Amino acid sequence: MRPMSEVRAAALEDADVVGGLLFDFNIEFETPTPPAQEFARRFASLLLRDDVLVLLAGPEEATGFAYLTLRPTPYGDGPLAQLEELYVRPHLRGRGIGTALLTRAAVEVEGRGAIEMHINVDEIDVDARRFYERHGFVNIEPGTDYRMLCYLREL
């Protein structure tokens, strides 16, 4: 039997699965969301892009996913990676699936030349913040004593 934390890159035929997982994520955290079918339609386009990476966990049925984007930067010769979403089905958390997704994500984007990975986390989500910090992510850069913040504005 293959391990639950097996991770693979999503393909175009996985758009429905990824769309469903993102919908489930938004429902769990009570975030306004379009229907899963709308996400699936959008992922059908995103999965064709070279600057998008979607990873799926699970040997057969998807147990979680990671969605990353890459963008150019003048601060280095490679792109910056952004972990847009990381989700593991609630009843499967604490089994190493999130770690497997995050570890594979870092390997994949580094292999694509990325020089840094960014992750936005809600301040109130202490568990997610601890998870990322355990994996070496920081919100205080070395040599400083203040936290980095993310600002946004809908357009």
Side-chain angles (χ1 to χ4, degrees), residues 2-93 95-125 127-129 131-132 135-137 139 148-155:
R2 294 180 290 182
M4 289 188 75
S5 59
E6 180 179 306
V7 175
R8 66 176 177 84
L12 183 56
E13 57 268 16
D14 295 311
D16 287 341
V17 171
V18 179
L21 286 166
L22 183 54
F23 177 79
D24 292 347
F25 174 84
N26 287 339
I27 292 298
E28 178 182 344
F29 292 99
E30 301 177 353
T31 301
T33 185
Q37 299 82 359
E38 182 67 18
F39 282 138
R41 182 188 66 75
R42 291 177 182 156
F43 275 113
S45 295
L46 291 170
L47 287 167
L48 297 173
R49 297 176 58 114
D50 291 335
D51 58 353
V52 169
L53 173 64
V54 177
L55 300 171
L56 287 171
E60 293 162 15
E61 182 181 341
T63 57
F65 83 107
Y67 163 47
L68 299 101
T69 56
L70 293 109
R71 64 180 171 85
T73 178
Y75 292 99
D77 292 327
L80 295 177
Q82 173 81 32
L83 179 64
E84 305 288 350
E85 305 290 356
L86 178 75
Y87 178 69
V88 174
R89 294 190 186 278
H91 66 284
L92 298 172
R93 293 182 187 145
R95 299 183 185 187
I97 297 168
T99 293
L101 282 163
L102 186 60
T103 301
R104 175 77 181 270
V107 167
E108 290 289 330
V109 296
E110 187 175 12
R112 293 180 183 200
I115 60 171
E116 196 170 77
M117 186 187 303
H118 296 182
I119 304 170
N120 292 318
V121 181
D122 293 333
E123 184 175 16
I124 196 168
D125 196 346
D127 291 337
R129 291 173 39 214
F131 171 77
Y132 294 124
H135 291 282
F137 291 87
N139 69 348
M148 294 178 278
L149 302 173
C150 170
Y151 290 85
L152 62 93
R153 182 178 91 187
E154 286 190 29
L155 303 174

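This is a predicted model, so every value here is computed, not measured.
More than 12 heavy-atom neighbours from other residues, nucleotides or ligands sit within 6.0 angstrom of CG on Leu149.
Between Val54 and Val52, the closest side-chain pair of non-hydrogen atoms falls below 4.5 Å. Looking at Leu70 and Val109, their side chains come closer than 4.5 Å, going by heavy atoms from C-beta outward. Residues Asp127 and Arg93 are not in side-chain contact: their nearest non-hydrogen atoms beyond the backbone lie 4.5 Å or more apart. Residues Pro79 and Arg71 fail the side-chain proximity criterion, which asks for heavy atoms closer than 4.5 Å. Counting only heavy atoms from C-beta outward, the side chains of Leu48 and Leu12 approach each other to under 4.5 Å. In this structure the side chain of Tyr75 never reaches within 4.5 angstrom of the side chain of Glu116, judged on heavy atoms. The closest side-chain heavy-atom distance from Leu22 to Glu85 is below 4.5 Å. Side-chain contact between Ile115 and Leu80: present, with at least one pair of heavy atoms (C-beta onward) separated by less than 4.5 Å.
Formation of a donor-acceptor pair under 3.5 Å by the Arg112 side chain with backbone atoms of Ala81 is not found in this model. Checking side-chain atoms of Thr63 against main-chain N and O of Ala57 turns up a donor-acceptor pair under 3.5 Å. The closest donor-acceptor contact from the side chain of Asp122 to the backbone of Asp125 lies at 3.5 Å or more, if one exists at all.
One finds no salt bridge joining Arg104 and Glu110 here, because no Lys/Arg side-chain nitrogen approaches an Asp/Glu carboxylate oxygen to under 4.0 Å. Residues Asp24 and Arg89 are paired through a salt bridge, judged by an N-O separation under 4.0 Å between the basic side chain and the carboxylate. A salt bridge does not link Asp16 to Arg41: none of the charged side-chain nitrogens sits closer than 4.0 Å to a carboxylate oxygen.
Remark: Glu13 CD to Leu47 CG distance equals 9.0 Å, nearest 0.5 Å. Put simply, CG on Asp51 and CG on Leu68 are 11.5 Å apart, with the number rounded to the nearest 0.5 Å. The line from CG of Asn120 to CG of Leu152 is 8.0 Å long, rounded to the nearest 0.5 Å.
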*Starting from the C-alpha separation in whole Å, work towards a yes-or-no answer on ring-ring contact (aromatic ring centres under 6.0 Å, His included) for Phe25 and Phe65.*
CA-CA 10 Å; Phe25 174 84; Phe65 83 107; 7.2 Å; no
*For the pair Gln82 and Thr69, evaluate side chain to side chain donor-acceptor pair (under 3.5 Å) and give the outcome as yes or no after the intermediate values.*
CA-CA 5 Å; Gln82 173 81 32; Thr69 56; 5.9 Å; no
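The only option from Val18, Leu46, Asn26, Leu21 that meets the side-chain contact (heavy atoms from CB on, under 4.5 Å) definition with Phe39 turns out to be Asn26.
Phe131 and Phe137 have their aromatic ring centers separated by at least 6.0 angstrom.
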